[in-house]
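First up is the structure itself, then whatever we jot down about it.
All residue numbers in this chain count up from 1 along the given sequence. No hydrogens, no waters, no symmetry mates; every other heavy atom, side chains included, goes into these values. One-based numbering, in listed order, for ligands and for the atoms of each.
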Amino acid sequence: MKNNKSIGVFDSGYGGLTVFKSIAALLPDYNYIYLGDNARSPYGDHTFETVYEYTLECVEWLFAQGCPLVILACNTASAKALRTIQQKVLPLKYPNHRVLGVIRPTAEVIGTYTSSHTIGVMGTRGTVNSDSYPIEIHKFYPELRVIQQSCPMWVPLIENNEHEGEGADYFVQEYVNELLGKAPGLDAILLACTHYPLLIPKIQSYLPADCKLIAQGDIVAESLVAYLNHHPEMETMLTKKGEKRFFTSGDHKVFDKNASIFFDKAVISSRINLKK
Ligand code: DGL
């Protein structure tokens, strides 16, 4: 195990498993380590400093397990921690390691999903308040209208396995209607939180039939394929035995039960202790 070089996949909790599922389907041969910081999730309402501190600690833990490449499969961590890690931490402490996020690869292709040149972005308060999506999307599609909607109740509903219950309808309808009210003619909505794909059937039921709902899993997986193709120095270093290991900072039995809902397969995890 020690000499194995795995791809690390990180999320505040379970949501990153929706991205990991797409990555593992497209790139089944690599070794992977998934880490969910369930003990400290959700991250959505934490300050920049806290999200940065937690994310860096998890990234460094994945580095120590032999992951030269880590994917932040979490929009909140990508919005609040990625840039500082890439610009300040890696060059000084880990010049041969790489950390990639989910916002840029999504922003690169998002314009292809809308004909009305208007895109809705639904995410946590942290992601929405950071304005990372409008900023990144406008680099690639300067004309696109980006209408954001924060959905602070959705991650707690999903993390507590209440996303299929009747109670979830209230909050799904509330945030969808708020967004539609701000953006008449909207024809595409990005789910800018890796937890939200679990709510797709409910969200869809409150949307006009011609409005597309976009989840990030496949987009991020395809951009990882492109990254590995362009970076043979990283690609050749990675172990290809198709092994997947799962870790959580929370209760591992609870993790295993809930994780299978996100990953569509049985998951067996181990618990790790994080410092703070
Ligand atoms: N999956 C995370 C994201 O994509 C959830 C954030 C949270 O922990 O609040 O933003």
Structural part of Asp11 in contact with ligand 1, heavy atom criterion under 4.0 angstrom: side chain

Polar contact flag for Asn75 and ligand 1 (N/O pairs, less than 3.5 Å): yes

Distance-only side-chain donor-acceptor flag, Asn96 / Arg98, under 3.5 Å: no

Interfacing atoms of ligand 1 (cut-off 4.0 Å, heavy-atom, Thr124): 6 (C), 9 (O), 10 (O)

Nearest non-hydrogen protein atom, atom 5 (C) of ligand 1: His195 ND1, 3.3 Å

N or O pair under 3.5 Å between Gly44 and ligand 1: yes

Nearest neighbour in protein (non-hydrogen) for atom 10 (O) of ligand 1: Thr76 OG1, 2.7 Å

Gly165 to Lys202 - nearest heavy-atom pair and separation: O-CE, 3.3 Å

Which residue and heavy atom of the protein sit nearest atom 7 (C) of ligand 1, plus the separation: Tyr43 N, 3.2 Å

Under 3.5 Å side-chain donor-acceptor pair for Glu159 and Asn258: no

Geometric class of the Phe246/Phe263 ring pair [parallel <30°, tilted 30-60°, perpendicular >60°]: perpendicular

Non-hydrogen atoms of Ser269 and Asp256 that approach each other most closely: OG-OD1, 2.6 Å

Ligand 1 contact by Gly13, heavy-atom criterion under 4.0 angstrom: no

Check: Phe247 ring centroid to Phe255 ring centroid under 6.0 Å: no

Pair Glu60, Tyr94: side-chain N/O donor-acceptor within cut-off below 3.5 Å: yes

Contact partition for Ser12 relative to ligand 1, non-hydrogen atoms under 4.0 Å: side chain

